[in-house]
2 protein chains.
Amino acid sequence: MDGVVTDLFVTAPAQARHAGLVAAAADAGVAVQVISGEAMSELAQTVTPQGLLAVCGFIDVPLADITRARPRLVVLLANVRDPGNAGTVLRAADAAGADAVIFGDASVDPYNGKCVRASAGSLFHLPVAALSSGAALSSGAAQSSGATQPEQGIRLPGAIAELRAAGLRVIAADGRSGLTLDDPAARELLAEPTAWLFGNEAWGLPDELLALADASVAVPIYGRAESLNLATAAAVCLYASASARHPRVAGA
Amino acid sequence: MDGVVTDLFVTAPAQARHAGLVAAAADAGVAVQVISGEAMSELAQTVTPQGLLAVCGFIDVPLADITRARPRLVVLLANVRDPGNAGTVLRAADAAGADAVIFGDASVDPYNGKCVRASAGSLFHLPVAALSSGAALSSGAAQSSGATQPEQGIRLPGAIAELRAAGLRVIAADGRSGLTLDDPAARELLAEPTAWLFGNEAWGLPDELLALADASVAVPIYGRAESLNLATAAAVCLYASASARHPRVAGA
């Protein structure tokens with residue numbers, strides 16, 4: 001988060017608890033202000049704020065920055081609306097060693113407070129592109145970032161084409177696919193550079209996007225559940241990728 | 001859910017949308033009542049109710065019922081406080097083919113509305129034991145079920161002993177473990193009957209419980225995230241079990 005934080009608001013108890021952190025922020029040139037618990041409750045927009053609130057600059061990057069870095073594991077969110085889900089996917093993507101997360105059109109704003117909190121810091125670990133924001137447009141008109149109008153256009157097809165041109169195979173997570181994650185063929189597929197495409201919590205991926213993917217893979221269901229929660233499905237898919245990329249054989 | 005539902009409240013629009021379901025419930029002897037949208041909002045305790053609300057009997061079972069059925073994959077929740085997390089773990093356990101979920105002491109009530117909703121029906125697919133409720137006590141004093149005082153006692157050590165006596169190996173999910181899920185030794189372990197022990201969202205498992213487990217296993221972290229969200233970690237662990245139990249080899 002170096003250079004990203006501009007202001008830090010802190011309650012007196014939190015300042016006592018996290019004295020080292022607050023001092024380090026002040027040393028780094030961050031404007032630190034001690035505020036009341038009431039003011040913190042207002043600012044933090046959460047029921048039990050932790051007493052520390054940082055104001056940060058936007059950090060999303062253009063898609064071209066992501067593809068230029070030769071990523072091997074990328075997450076593409078299509079129409080993911082729940083900020084908690086999106087943040088949890090970000091955290092799982094980070095844990096599984098993904099190189100970037102792209103918030104596709106009609107997905108939640110990555111700067112939504114619930115998304116930021118659910119990401120548990122991972123928003124600051126991975127390059128994030130938000131296709132609805134100015135920064136994501138490779139054509140590059142300097143719009144302000146962090147747009148809150150995710151409905152403004154369908155740019156996922158373009159992003160899919162760019163990722164494919166960068167050598168990634170686009171794999172849609174789709175419960176209806178005949179190819180399941182536990183199939184050796186899926187494992188082979190996932191050993192290669194992959195962009196996972198995840199769809200909406202309730203209705204998954206529309207046919208138009210499924211048609212643009214190179215393959216689709218389902219998380220196998222062994223019990224009576226109809227499906228998995230989006231974030232848990234994404235975590236299982238991303239760890240299948242991690243496992244295929246980092247094989248460990250007995251005795252190794 | 002056969003025989004579990006006693007009453008069904010439905011709004012007029014939902015009755016029109018789900019006419020078949022409502023008729024089937026009435027045929028099965030369920031008392032159906034059409035109510036206003038306002039009454040539904042009050043009853044459903046959620047911002048956007050779906051227009052259908054069923055009143056159900058308690059369904060948790062004594063732990064002895066679970067061990068008697070010779071389970072091969074069981075989930076034990078220790079001190080899991082967030083109802084959304086607990087319900088999501090239930091759903092993932094169902095999807096991964098688990099045989100039962102046990103809500104250990106100090107865990108959330110499985111009948112919490114958010115837990116029920118997050119389970120997406122899986123609460124009714126798998127046997128569930130709630131260690132703080134009367135039904136879970138194998139000693140069997142007939143207390144009323146669905147207790148809302150999870151703090152009342154520490155019964156997890158007893159449950160761990162009972163599961164072990166039933167032939168399950170108790171494996172703690174612990175980020176600090178030197179044995180990671182991708183290790184062939186972990187895979188071998190998980191091919192055997194397993195009770196996964198998952199701890200609190202923030203602080204994991206206390207040393208006393210870790211000491212009671214037969215082994216502990218960590219989800220490997222390939223990136224910069226410090227940990228995973230509890231429900232995503234549980235899903236990755238449970239699918240590692242499923243994969244170890246249902247191996248598919250190339251060409252099979």
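Keep in mind that this is a model prediction, so the values were computed, not measured. So that the names make sense, note that chain A is the first sequence line, chain B the second, and so on, each numbered from 1.
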Chain A: which of [options] shares the most heavy-atom pairs with it under 4.5 Å?
| options | answer |
| --- | --- |
| B:Ala95, B:Ala92, B:Ala235 | B:Ala95 |
| B:Ala233, B:Ala240, B:Ala93, B:Pro220 | B:Pro220 |
| B:Leu228, B:Leu181, B:Val236 | B:Leu228 |

Okay, side chain of B:Tyr222, backbone of A:Ser243: is any donor-acceptor separation there less than 3.5 Å?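 Flag not set: sc B:Tyr222 to bb A:Ser243 has no pair under 3.5 Å.
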
request  = Give a yes or no answer on whether the side chain of A:Asp94 reaches the backbone of B:Ala225 with a donor-acceptor pair at less than 3.5 Å.
outcome  =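 Looks like yes, one N/O pair under 3.5 Å.
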
* Interface moiety of A:Ala120 toward chain B, non-hydrogen atoms closer than 4.5 Å ->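 The answer is neither part of A:Ala120.
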
Q) Between B:Thr232 and A:Arg91, is any side-chain donor less than 3.5 angstrom from a side-chain acceptor? A)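 Not at all, the side chains of B:Thr232 and A:Arg91 share no donor-acceptor pair under 3.5 Å.
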
task: Tell me, out of A:Ala242, A:Ala98, A:Ser227, who's got the most heavy-atom pairs with chain B below 4.5 Å.
output: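 The option with the most such pairs is A:Ser227.
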
| query | Closest approach of B:Arg224 and A:His125, non-hydrogen atoms and distance? | reply |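 Looks like O-CE1, 3.2 Å.
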
Measuring from atom CG of B:Asn229 to atom CG of A:Leu90, what distance do you get when rounded to the nearest 0.5 angstrom?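 Spacing of CG (B:Asn229) from CG (A:Leu90) equals 12.5 Å.
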
